[in-house]
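Just below is one structure, and these are the notes that go with it.
Quick caveat, the model's predicted, so the values are computed rather than measured.
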Amino acid sequence: MTKEEFIRDICTGIPDTLPEPQAYDPTINHAPKRKDILTKEEKMLALRNALRYFPKKFHKTLAHEFAEELRLYGRIYMYRFRPTYDMHARPISEYPCISKQAGAIMMMIQNNLDKAVAQHPHELITYGGNGAVFQNWAQYRLTMKYLSEMTDEQTLVMYSGHPLGLFPSHKNAPRVIVTNGMVIPNYSKPDDWERLNTLGVSQYGQMTAGSYMYIGPQGIVHGTTITVLNAARKRLKEGETSIKGMLFVTSGLGGMSGAQPKAGNIAGVVSITAEINPLAAQKRYDQGWVDELHTSLDKLIPAALKAVEEKRTVSMAYVGNVVDLWERLAEEDIHVDLGSDQTSLHNPWAGGYYPVELSLEESKRMMAEEPALFKEKVQESLRRQVAAINKLTDKGMYFFDYGNAFLLESSRAGADIMKADGKFRYPSYVQDIMGPMFFDYGFGPFRWVCSSGEPKDLETSDRIATDVLEEIRKTATPDIIGQLDDNIHWIKEAGKNHLVVGSQARILYADSEGRTKIALAFNEAIRKGEISRPIVLGRDHHDVSGTDSPFRETSNIYDGSQFCADMAIQNVIGDSFRGATWVSIHNGGGVGWGEVINGGFGMVIDGSEDADRHIRQMLLWDVNNGIARRSWARNTGSIDAIRREMERTPGLCVTLPNIVEDDIINTAF
């Protein structure tokens with residue numbers, strides 16, 4: 001397709017002539033068939049809802065076609081309307097747009113749907129098994145058309161993938177406001193999502209999928225690296241300094257979990273990651289994110305033990321069920337240092353977890369045709385997995401929940417995962433590592449994307465970020481020196497580790513001071529022409545302020561407010577009037593529908609003075625909203641961090657807690 005044809009296709013939106021049907025591509029990793037959950041009347045409603053995107057002249061043809069999609073796949077994806085051009089992030093200059101901010105958003109949307117990035121690209125699902133950018137291809141086409149027409153005095157409103165329309169606003173307002181899955185709280189059970197999504201009225205945006213800020217597995221590899229590093233450091237005995245030769249066992253290579261073997265390599269351990277889907281494992285191998293593929297445990301385990309003995313850094317993928325791996329390790333009494341799991345257990349009944357002793361294809365059939373039996377098999381599998389993990393932790397393995405609802409779903413399955421006091425046997429990685437060491441101080445997954453698509457601009461940005469962090473380190477307090485050192489090492493090595501999949505993007509854990517100073521330095525470099533085009537700033541929602549999630553991001557908040565979502569809602573509202581280019585708020589994320597509320601943003605910086613102002617105002621709020629909340633929860637690191645920020649920032653005045661002595665509380669009852 002020529003550039004002119006691409007532009008014409010984008011600007012057309014819903015075509016006036018029906019495109020030819022497209023063949024179902026078996027080489028692409030497709031979403032599993034969803035279960036048949038609607039009544040006949042509801043199926044008719046789903047069809048009416050789908051057809052309202054199209055003129056009447058198409059209805060007769062499309063009604064039968066969409067009804068067949070609903071029967072075959074459990075959803076109406078509108079495959080016929082999938083664009084025929086290659087889906088990937090193009091340089092911003094190639095997008096037809098009046099507003100450059102809108103052009104940057106178009107780039108980010110296409111990056112989320114790039115087949116090298118997305119888990120199920122033809123079903124518009126980016127990661128996590130159900131984290132969608134849109135519900136169907138009509139929504140994609142309309143959204144891109146609106147973005148091509150948008151001015152800097154309009155805002156596009158997105159309801160769970162549906163573009164409600166362009167509304168007049170002003171240049172400092174967000175260009176796009178996104179909501180995903182924001183249903184009434186009593187309707188946030190898994191089957192509610194299945195029903196509402198099948199009807200075409202709601203969707204699961206995950207975190208960075210539905211907010212257009214996913215940057216491939218790199219988006220989690222940094223957080224995974226520092227998690228593995230610090231988990232391994234917990235295993236060091238007195239006098240030891242090296243984690244070389246430690247064995248890390250986990251599962252999941254499909255979406256964000258695909259970062260695990262790369263993170264293991266960067267940390268310097270031996271890792272084994274199980275993945276049931278051969279296509280997903282092969283994709284990570286082809287991308288260079290995992291070193292070896294194994295289908296036989298008889299060959300894999302000796303190879304891993306040899307690497308441990310030689311203290312050789314290597315990542316291995318086991319193409320098979322993780323339960324088989326855990327049980328074999330337990331049977332043979334293999335010493336494992338670190339264990340975790342990153343299957344999509346927030347979505348256990350619809351492709352997020354595949355039970356042992358069933359093939360991939362048999363699992364897909366059963367989840368759609370015999371959902372009750374499939375649920376039984378999943379829960380039986382979880383009980384077996386936990387039993388094997390318990391045997392290994394009894395021998396000294398450090399196991400941590402990776403925020404994927406593994407502990408939660410295992411407890412619901414009746415696995416031996418609880419302590420006598422009713423708490424989980426194993427900690428969340430946020431409780432043990434990320435919360436007290438990073439989130440409490442405001443360190444989180446800051447991201448940027450070079451809209452030029454030029455690797456040279458990314459290299460320049462890496463150098464600028466390194467210089468800023470090294471300057472900050474000169475006067476940093478001792479409680480954050482370790483975090484700064486790990487992050488300086490990360491950004492210096494980022495280019496060598498070949499982390500880019502899709503857009504020219506980078507992730508770097510930084511605090512409020514770091515993010516602000518890095519962004520201002522980027523803006524100055526754009527102004528001077530050292531960086532050739534605007535940069536898109538963002539973050540994962542998995543951060544200090546963006547997400548209220550009692551089993552992950554806020555699991556180290558102990559004043560009872562971990563179940564409250566004020567922070568995430570306030571975060572998005574505050575970002576929207578301080579300079580964000582787009583904001584998003586979602587029900588659901590990495591731990592499940594109804595279990596979390598999370599918010600995100602994107603900000604386009606273009607070298608202007610307006611961008612400088614937006615950086616100073618918005619990034620300060622985006623981080624310190626969460627630090628202030630954590631401080632009020634009596635997290636000591638956050639109390640120290642917010643005090644430092646108040647000294648630095650005129651106009652900032654935060655309510656601090658008064659700490660009561662334990663003996664006063666104890667004698668009161």
OG1 on T224 to NZ on K262, rounded to 0.5 Å: 13.0 Å
Check against salt bridge (Lys or Arg N to Asp or Glu O under 4.0 Å), R643 and E647: CA-CA 6 Å; R643 278 181 171 144; E647 290 171 4; over 6 Å; no
Side-chain donor-acceptor contact under 3.5 Å, Y426 with N390: yes
Evaluation steps, salt bridge (Lys or Arg N to Asp or Glu O under 4.0 Å), between D559 and R630: CA-CA 10 Å; D559 69 345; R630 291 166 184 274; over 6 Å; no
Ionic contact status for D610 with R613, cut-off 4.0 Å: yes
Nearest heavy-atom neighbours spanning M646 and V654: SD-N, 3.2 Å
Aromatic ring pairing Y509/F438, orientation class (parallel under 30°, perpendicular over 60°, tilted between): perpendicular
4.5 Å side-chain heavy-atom contact, T273 and V290: no
H222 and N487: side chain donor to acceptor below 3.5 Å: yes
Residue pair Y558 / S555: nearest heavy atoms and the distance that separates them: CE2-O, 3.5 Å
Positive for side chain to side chain contact (heavy atoms under 4.5 Å, CB included) with I605, one of I615, I531, T581: I615
Residue pair L499 / W289, side-chain heavy-atom distance below 4.5 Å: yes
S461-W448 side chain donor-acceptor pair, cut-off 3.5 Å: yes
F443: ring-ring contact (aromatic ring centres under 6.0 Å, His included) partners, not counting sequence neighbours: none
Side-chain donor-acceptor contact under 3.5 Å, D337 with H335: yes
side-chain contact (heavy atoms from CB on, under 4.5 Å) assessment of Q206 paired with T126: CA-CA 9 Å; Q206 268 282 353; T126 301; over 6 Å; no
Distance-minimising heavy-atom pair for M207 and N598: CA-OD1, 3.9 Å
D467/K492 salt bridge by N-O under 4.0 Å criterion: no
F601 ring center within less than 6.0 Å of H541 ring center: no
Check: T649 side chain, L652 main-chain N or O, donor-acceptor pair, under 3.5 Å: no
Salt-bridge criterion met for D457 and R506 (N-O under 4.0 Å): no
H542 side chain to E553 side chain, donor-acceptor N/O pair below 3.5 angstrom: yes
Derivation and outcome, side chain to side chain donor-acceptor pair (under 3.5 Å), residues N624 and S512: CA-CA 7 Å; N624 284 286; S512 175; 3.2 Å; yes
Ionic contact status for K306 with E310, cut-off 4.0 Å: yes
Whether over 12 other heavy atoms sit under 6.0 Å from K423 NZ: no
Nearest-0.5 Å distance, NZ of residue K456 to CD of residue E530: 9.0 Å
CA sep, side-chain torsions, deciding dist, call: V117, Y214, side-chain contact (heavy atoms from CB on, under 4.5 Å): CA-CA 8 Å; V117 173; Y214 190 65; 3.4 Å; yes
Salt bridge flag under 4.0 Å for residues D540 and R447: yes
Ion pair check, R644 and D511, cut-off under 4.0 Å: no
Side-chain touch Q431/I557, heavy atoms, less than 4.5 angstrom: no
Parallel, tilted or perpendicular, as decided by the 30° and 60° cut-offs, for the rings of Y429 and F400: tilted
Value rounded to 0.5 Å, distance of CG in D640 from CG in N635: 11.0 Å
Contact summary for A259 and I220, nearest pair of heavy atoms: CB-CG2, 3.1 Å
Candidate pair L392 and W326, rule side-chain contact (heavy atoms from CB on, under 4.5 Å), full reasoning: CA-CA 9 Å; L392 290 163; W326 280 121; 3.5 Å; yes
E240 atom CD, over 12 foreign heavy atoms within 6.0 Å: yes
Separation between OG of S549 and CD of Q562, rounded to the nearest 0.5 Å: 10.5 Å
Exercise: do Y398 and T393 side chains pair donor with acceptor under 3.5 Å: no
F424 atom CZ, over 12 foreign heavy atoms within 6.0 Å: yes
Pair H346-E409, side chain to side chain donor-acceptor pair (under 3.5 Å): steps then yes or no: CA-CA 8 Å; H346 70 278; E409 286 303 330; over 6 Å; no
All ring-ring contact (aromatic ring centres under 6.0 Å, His included) counterparts of Y441, not counting sequence neighbours: none
OG on S561 to CG on D548, rounded to 0.5 Å: 8.0 Å
Residues R463, E459: salt bridge by 4.0 Å N-O rule: no
Salt bridge R473-E470, side-chain N to carboxylate O under 4.0 Å: no
Sub-4.5 Å side-chain heavy-atom contact between I266 and L229: no
Short N-O contact, R648 and E645, less than 4.0 angstrom: yes
From CA spacing to verdict: side-chain contact (heavy atoms from CB on, under 4.5 Å), V249, I334: CA-CA 11 Å; V249 176; I334 304 295; over 6 Å; no
T250 and Q260 side chains, donor-acceptor separation under 3.5 Å: yes
Nearest-0.5 Å distance that lies between atom CZ in R235 and atom CE in M246: 6.0 Å
Side-chain H-bond candidate by donor/acceptor type, S251 with D341, under 3.5 Å: yes
Lys/Arg N to Asp/Glu carboxylate O, R533 vs D606, below 4.0 Å: no
Side chain proximity check, M567 to T547, heavy atoms < 4.5 angstrom: no
Criterion salt bridge (Lys or Arg N to Asp or Glu O under 4.0 Å) against D622, the qualifying member of R616, R539, R578: R539
Residue of the set M213, M618, R515, M603 for which side chain to side chain contact (heavy atoms under 4.5 Å, CB included) holds with L537: M603
D421, CG: over 12 other non-hydrogen atoms inside 6.0 angstrom: yes
